[in-house]
2 protein chains.
Amino acid sequence: MHQKGLDHSIGFLLGATYRKLTNFFAARIKDFGLTPEQWAVLFRVREEDGLIQKELAERAGKDKPTTTRILDSLEAKGFITKRASEHDRRSFQVYITDLGRETADTIEPIEYSTIAEIARVLSAEEYEQMTSLLKRLNAHTTSLLEHEKE
Amino acid sequence: MHQKGLDHSIGFLLGATYRKLTNFFAARIKDFGLTPEQWAVLFRVREEDGLIQKELAERAGKDKPTTTRILDSLEAKGFITKRASEHDRRSFQVYITDLGRETADTIEPIEYSTIAEIARVLSAEEYEQMTSLLKRLNAHTTSLLEHEKE
DNA sequence: CCAAATTAGTTGTTACAACAACTATATTCC
DNA sequence: GGAATATAGTTGTTGTAACAACTAATTTGG
């Protein structure tokens with residue numbers, strides 16, 4: 001049995017830690033006109049141009065409505081454009097603009113240095129362990145959630 | 001240097017994992033009229049009766065406005081009551097109601113079983129390692145954020 | 001002792017996230 | 001081929017979170 005109480009609950013700790021990391025990173029990139037969530041989506045767009053929103057949503061770990069709204073704000077700021085897909089008139093393909101690419105190129109090294117700064121209290125093995133445990137938890141919970149819907 | 005790309009970024013993984021854990025837990029407690037965030041605050045109120053909002057905010061890992069609004073919703077649902085402090089007329093002391101205590105007593109074991117279910121992919125040592133790494137990251141980022149404000 | 005600074009709490013605004021309901025197009029399968 | 005079903009995306013609503021601006025009360029320091 002695990003230790004009890006909120007202070008030892010993974011959920012509570014995960015939330016508190018995530019919020020702090022995010023705030024720290026947000027402060028570092030806000031002058032470029034992006035939030036961490038918008039950055040995650042822009043990163044995916046730059047990674048592969050021409051994806052449709054559904055695919056972007058999956059890769060960015062967001063649901064469809066959230067992705068719609070984040071893409072709207074990225075488009076309003078001129079970082080991406082949407083074009084109606086020729087194959088499927090329900091969907092849009094998303095492309096990064098020159099401004100979007102420049103901005104992403106600027107932010108990427110900031111992300112890495114921010115991670116390095118935050119992870120300075122962890123050894124390289126600990127960082128590795130942390131991300132691998134997170135991936136495992138993530139995958140397991142995803143399958144629990146999918147199982148739920150039956 | 002750490003592995004690059006969003007899929008290996010602690011921030012991204014932390015956020016995605018936190019959201020999934022939270023959704024899973026939220027589904028388990030929603031019939032009791034509480035969200036995970038409201039549960040975290042109610043837990044703290046039950047832990048120590050008569051705290052003022054500022055103290056609750058710290059213990060629940062939330063800021064003041066968020067705490068105000070969560071307490072409002074807990075009060076509207078009859079889980080807590082607020083009384084003006086006698087010592088300091090700016091502040092309110094928060095008390096759990098009978099209904100609040102019953103509900104908290106019901107939810108606590110659900111929290112533990114949910115954690116157990118989610119953490120089934122981790123060994124006891126891995127769970128321990130995970131929470132201790134999270135606490136360390138959390139503390140370090142907190143100090144970075146405080147340092148920021150100068 | 002009183003003006004200045006601090007503190008407790010609230011309110012307004014913006015952004016994410018989850019869910020549900022909806023439109024429009026595509027696919028399935030009888 | 002056409003009705004039933006599924007899929008892509010949008011919109012509305014609720015809850016959480018961060019920040020800033022605010023009120024009211026308290027503390028500090030000349």
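Numbered from 1 within each chain, the chains take letters A, B, ... in sequence-line order.
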Return the value, rounded to whole Å, for the distance between atom [atom1] of [X] and atom [atom2] of [N].
| X | N | atom1 | atom2 | result |
| --- | --- | --- | --- | --- |
| A:Gln38 | C:dT14 | CD | C1' | 11 Å |
| A:Asp63 | D:dT7 | CG | P | 17 Å |
| B:Phe24 | C:dC19 | CZ | P | 13 Å |
| A:Glu37 | D:dT16 | CD | C1' | 13 Å |
| A:Glu75 | D:dG9 | CD | P | 13 Å |
| A:Leu74 | D:dG9 | CG | P | 15 Å |
| A:Leu21 | D:dA17 | CG | P | 16 Å |
| B:Asn23 | C:dC16 | CG | P | 17 Å |

List in chain and number order the residues that pass salt bridge (Lys or Arg N to Asp or Glu O under 4.0 Å) with [X], two or more places apart in sequence or in another chain; answer none if no residue qualifies.
| X | value |
| --- | --- |
| B:Asp63 | none |
| A:Glu55 | none |
| A:Asp49 | none |

Practice problem: Using the test side-chain contact (heavy atoms from CB on, under 4.5 Å), find all partners of A:Ser9 that sit at least two apart in sequence or belong to another chain. | Solution: A:Phe12, B:Glu111, B:Ile115
Suppose we screen for side-chain hydrogen bond (donor to acceptor under 3.5 Å, both in side chains). Which residues come up paired with [X], at least two apart in sequence or across chains?
| X | result |
| --- | --- |
| A:Glu102 | none |
| A:Arg44 | A:Glu47, B:Asp7 |
| A:Lys77 | A:Gln38 |

Quiz item: Of B:Gly61 and B:Lys77, whose nearest nucleotide on DNA chain D comes first from the 5' end?
Solution: B:Lys77
Self-check item: side chain to side chain contact (heavy atoms under 4.5 Å, CB included), paired with B:Val94, selected from B:Leu42, B:Leu56, B:Val41, B:Leu74
Solution: B:Leu56
Quiz item: Taking only residues two or more places apart in sequence or in another chain, which ones pass ring pair (Phe, Tyr, Trp, His ring centres under 6.0 Å) with B:Phe92?
Solution: none
Quiz item: Under the 3.5 angstrom rule, does the side chain of B:Arg136 hit a backbone N or O of A:Val121 as a donor-acceptor pair?
Solution: yes
Quiz prompt | Angle by which the axis turns from one end of the helix from C:dC1-D:dG30 to C:dC30-D:dG1 to the other, five pairs per end, to 10 degrees | solution = 20°
Quiz item: When rounded to the nearest 0.5 angstrom, what distance separates NZ in B:Lys64 from OG1 in B:Thr68?
Solution: 8.0 Å
Quiz prompt | DNA chain C-proximal residues of residues 12-19 of chain A, any heavy atom under 4.0 Å | solution = none
Quiz item: What nucleic acid atoms does B:Thr35 come within less than 4.0 Å of, heavy atoms only: base, sugar-phosphate, or nothing?
Solution: sugar-phosphate
Quiz item: Can you check whether B:Arg89 has a side-chain N or O nearer than 4.0 Å to OP1 or OP2 of D:dT26?
Solution: yes
Exercise. Using a 4.0 Å cut-off on protein heavy atoms (strictly under), produce a 5'-to-3' string for nucleotides 3-12 of chain C with B for base contact, S for backbone-only sugar-phosphate contact, and - for none.
Key: ----BBBBBB
Practice problem: With sequence neighbours excluded, give me every ring pair (Phe, Tyr, Trp, His ring centres under 6.0 Å) pair touching residues 52-71 of chain A. | Solution: none
Quiz item: Mapping A:Ser73 and A:His87 to their closest nucleotides on DNA chain C, which lands nearer the 5' end?
Solution: A:Ser73
